[in-house]
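Below is one structure, written out as structure tokens; comments come after it.
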Amino acid sequence: MLKLFGAVLILLSGTLAGFHQAARFAARPKQIRELILAMQRLETEISYGFTPLPDAFRRLAGQLGEPLRSIFRSAASHMASGSGITAQESIQRSLHDNWKRTAMKAPERDILHQLSFTLGTSDRQDQIKHIALAAQQLKHEEALARDEQAKYEKISRSLGLLIGALIVILIF
Amino acid sequence: MWYKKHLLVYKRKAHGLKRRQLGGGRITNPNWLELFPDRIKSILLALPRELLGKLEEVRIREGRPLEVNESGGHRFVTGQGQLTLDEDKAYRPNRDDSRRFLDLISNHSLYTLEEELRKGFITVPGGHRIGLAGRTVLAGGKVEHIRDISGFNIRIAREIRGAANAVLPFLYDERERRMKHALILSPPQHGKTTLLRDLARQISSGSIGATFAKAAGMKVAIIDERSEIAGSVNGVPSFDVGSRTDVMDACPKAEGMMMMIRSMSPDVLIVDEIGREEDAEAVTEALHAGISVIASAHGSGPEELRNRPAMKRLMDDRMFEAYVMLHRSRGKTVFRVMDRQMRLLQLQAKGEAHHA
């Protein structure tokens, strides 16, 4: 009886792990898409609104959903804190603190990291170019992420169950 | 807010400041130190406090010694906050310092300062002005903006209430109850702008001189092409320029004068550093419209002014009813007032003053 209960438990957790992995595969392109939209909004804020970076980030945070919201919000609060840290450091610090909560992977992080070096440090045209470039790169990553999703989402869901089953078989 | 942290330090220093305020003028944004990146801020905070309150300029040049100026002259600053004249001992701000400084003064957003970069200076809260030097980018033969900014000149603004006390009675026409048309003349850094600012404040609040019966305040319009008189940030003056004063910030003088005459119906127009043909035209226009103009111009005396055709015409037409000549030596500002026919009316010492 106890054995049966353990087996069910292992099967269940295997399945759950699989579903969780599948959900991450599904969430990644969605979050990248959201990030691209955020980049486009940032571009508008800079080119038409002349909005200072902290305000622009705060506004973006208001429009975005979690987990992207906290990335922009904490970067904005770092910038406005008045403790003398630059925009670049604010963004990098925020990425470091909040990245784990997203489903995104290293390439997207690198793109934002790269962008942080130029944000706020040049004239509008230059800023727009850099943001557009980041958006372009993100789109590329999005396409890759969608491919991965198509390939691995279903597999990982069934794989979870199967690995659970394998462990059960091996144990018995 | 960004200045909160520094407020504590400032409170601790309040005692020392009070003494200095007498001679040094009121610093409207005592937290100007907050503008600097940490490293330079800690160096400046280590300076003798007496000096810190009298500073007029701080100069940051990438790779070259950090320099501070007060009315007495220039000094370099070492990494420990000691004054020196020896270049080799001085602290040399590096690329990181200037990059950080630029990031902080632009509120992390250099792209919002395109107009300022074209003009070569930024006005920050408190009316302090930061002059910039670097490599310019041209478009159509004109300076589009500055990039690779490596030189900063932070001019610390102080307002001196009462700077105009002694001059004001000479500029008030008691019979007609209006201000005379006046031209203020002095070399740079001798207190023209400070005087204009206090004139604006006193005229608009109606406290015209201590000896005069309290007149009603007049409507004052300031055309502040270089954001020096009012030190406006986002269109709101940082200095007290009076409650009935309108400020047209960063506006070309001639155009601004005409706009003000047409739209704001001022009694008194205050404008800094006139000299070009179109300025003279606008001044004439204002005088004919019955608006008093108080203007300033570079020059140590009326003779010098005659060399400029536009100004010569104004003087030949006897447009101004009073001329005020300022001269500052050893911290004392002396002024002379002359009337329409260039007759000397008064010679007087005005006491200690600083440029702003």
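- Contacts between residues 37-56 of chain A and chain B, counted as heavy-atom pairs separated by less than 4.5 Å, involve A:Ile46, A:Phe50, A:Thr51, A:Pro52, A:Leu53, A:Pro54.
- Options B:Val137, B:Asn107, B:Leu102 differ in how many heavy-atom pairs under 4.5 Å they form with chain A, and the most are formed by B:Asn107.
- Looking at every heavy atom in both residues, B:Asp103 comes nearest to A:Ile85 through OD1-O, 4.4 Å.
- When the shell of 6.0 Å around CD of B:Glu255 is examined, it contains 12 or fewer heavy atoms from other residues, nucleotides or ligands.
- More than 12 non-hydrogen atoms from other residues, nucleotides or ligands lie less than 6.0 angstrom from CE of B:Met258.
- Contact annotation for A:Thr86: both backbone and side-chain heavy atoms come within less than 4.5 Å of a heavy atom of chain B.
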### Task
Verify side chain to side chain contact (heavy atoms under 4.5 Å, CB included) between A:Gln125 and B:Glu114, making sure each step is shown before the conclusion.
CA-CA 11 Å; A:Gln125 277 132 17; B:Glu114 286 184 0; over 6 Å; no
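- More than 12 heavy atoms of other residues, nucleotides or ligands shown are found within 6.0 angstrom of NZ on B:Lys119.
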